[in-house]
Enquirer: 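Here it is, the structure, as structure tokens.
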Amino acid sequence: MPNKTPAIYWIRQDLRINDNAALMAAAKGDRPVIPLYIREDDLAGALGGAQAWWLERSLARLGEAYDELGTGLVLKSGKPGTIIADLIEETGAETVYWNRRYTPDGMRTDKALKQKLRDDGIDAQSFAGRILHEPSKFETKSGGPYKVYTPFWKAFSADPRIADPQDAPDRLTAPDTKPQSERLEDWKLYSGKPDWAAGFDDIWTPGEAAANRQLDRFIDAIAEHYASSRDRPDIEATSMLSPHLALGEISPATIWHRVGRAKDLSSENRKKFLQELVWRDFCYHLLFHAPDLRTENWNSRFDGFAWQDNDEAFDAWTRGRTGYPIVDAGMRQLWQEGTMHNRVRMIVASFLIKDLMIDWRKGEAWFRDTLVDADPASNPANWQWVAGSGADASPFFRIFNPVLQGNKFDPQGDYVRRYVPELEDMPAKHIHAPFDAPRDVLDAAGVTLGKDYPKPLVDHKKARNRALAAFEKIKD
DNA sequence: AATATTTTAGT
DNA sequence: CTAAAATAT
């Protein structure tokens, strides 16, 4: 029997073997497969620093997985069109498959490439799997995209058929001659200084195996308290799956089904978590219908908002030196660990946007660069949500009070103490507002404001009134 | 996915 | 008088 021509499986943000439609289609009938990852020139800058750290490690794990499956992984740098055309020439491949992505740049690249390959007689196909349902699937009765989450969830739940995850292949057939691969070590994806990301290793293990272990851990020990504890940054109460999802180390369908069928999980906890998972789909739905979501206000009323340029304040925010402990703890967690608890993300975002009146785009860019789970849909959609310019947004006048939020969600101050060690000895009663603590309490804790820990950058009450006044000017 | 302030109810 | 509820932002 003559050897079949190989299929190229182009890997993007789907760094997994399991539940991978493009890979399975490529390998069908023992066809030889060339798993190809391209470091794309055109998308330079799209990858943040923290995610580059993750990608470097995840690609190493993926390379091992493909070695075990028998094909290895081919790494190339450049334009996808050129790389793939060269590879077709070199290997005689007649098939190129990939899993879809939904960023405007990515979709443009993929659409043009698919057309060109098909014109050349190549079987080029794309597959679903990054999100639960295609972003174009849902529309309101009046024919447009959903603008509010609850109706989106209802439409989503009305037809909850999500295909069961496909198992990983046991083995793959390698092409007769393996194409040359660049060396991952030579890419030096993570170029941060030695001090940054040192703490990432303490809490993160990139790769598909770790993603699945984390899902097990969530289902076994965390999910049963999800609804009541998910807002508590001082407790291990969230799934921590977002960076794995961001690079596709686990599919949302896998999470959907494993949580959906988990034993001994109350319907409240199950539903609450699955709703959060579907928020991710909602963000992709929004991005699909508003491709400029990252740069333009979803609600154009905000185009006239009087954002303040204040580099000094922005710098203090990024470094966790605002003088508001819950804000500073969050920003320092972000820097040290490449993540931040969801509740605290809302608090720090509210502080930047409303207390400092700095444009949400600056915050979005900072998160994109420092979060290991930075996602092209969720990140801008949620920043706009906090700003009030986004879909189903928090009204602008919903201004978080960082002291009340701290007292409510970090009642013992443990979260603050973990990331703001200079407040280690502050009692819970005063840890979220050291600027209001009696002198003797500060002395006993060894804290001199303005020396050991910053004085507040702004007075929250005044800042709140200033933001409300600015909002009045763009109202109607 | 909020908070500050005012109003009303409860003792 | 305090606490809960309603209301404005």
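In what follows, every heavy atom counts, from backbone to side chain, and hydrogens, waters and symmetry copies are set aside.
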Enquirer: Assign A:Arg230 to base, sugar-phosphate, or nothing according to its heavy-atom contacts below 4.0 angstrom with the strands shown.
Expert: base

Enquirer: Atom NZ of A:Lys475 to atom P of C:dT9: distance rounded to whole Å?
Expert: 7 Å

Enquirer: Parallel, tilted or perpendicular for A:Trp10 and A:Trp98, by the 30°/60° rule?
Expert: perpendicular

Enquirer: Counting the atoms with a prime plus P, OP1 and OP2 as sugar-phosphate, which does A:Gln275 contact under 4.0 Å by heavy atoms, base, sugar-phosphate, or nothing?
Expert: nothing

Enquirer: Output yes when at least one side-chain N/O atom of A:Gln405 is less than 4.0 Å from OP1 or OP2 of B:dA1, else no.
Expert: no

Enquirer: For A:Ile399 and B:dT3, what is the distance between atoms CD1 and P respectively, to the nearest whole Å?
Expert: 10 Å

Enquirer: Please report whether the ring centroid of A:Tyr146 lies less than 6.0 Å from that of A:Phe282.
Expert: no

Enquirer: Please determine if A:Lys354 forms a cation-pi arrangement with A:Phe396, meaning its NZ or CZ atom is less than 6.0 Å from the six-membered ring centre and no more than 45° off the ring axis.
Expert: yes

Enquirer: CG of A:Asn407 versus P of B:dT3: gap in Å, rounded?
Expert: 10 Å

Enquirer: Under 3.5 Å, which N/O atoms of the protein pair with N/O atoms of nucleotides 4-6 of chain B?
Expert:
from	atom 1	to	atom 2	distance (Å)
B:dA4	OP1	A:Asn401	ND2	2.7

Enquirer: Are the aromatic ring centres of A:Trp196 and A:Phe200 under 6.0 angstrom apart?
Expert: yes

Enquirer: Could you tell me the separation between the CD atom of A:Gln384 and the C1' atom of B:dA1, rounded to a whole number of Å?
Expert: 17 Å

Enquirer: Does the ring centre of A:Trp279 sit less than 6.0 Å away from the ring centre of A:Phe156?
Expert: no

Enquirer: When you check the gap from the basic side-chain N to the acidic O, do A:Asp105 and A:Arg108 get nearer than 4.0 Å?
Expert: yes

Enquirer: Using whole Å, what does the distance between atom P of nucleotide C:dT9 and atom CG of A:Asn465 come to?
Expert: 12 Å

Enquirer: Does the side chain of A:Asp328 come under 3.5 Å of the side chain of A:Thr322 through a donor N or O and an acceptor N or O?
Expert: yes

Enquirer: Nearest-Å distance, CZ (A:Phe397) to C1' (C:dA8)?
Expert: 8 Å

Enquirer: Over how many whole Å does the gap from A:Phe471 atom CZ to C:dA8 atom C1' extend?
Expert: 13 Å

Enquirer: What is the distance from OH of A:Tyr149 to C1' of B:dA1, rounded to the nearest Å?
Expert: 13 Å

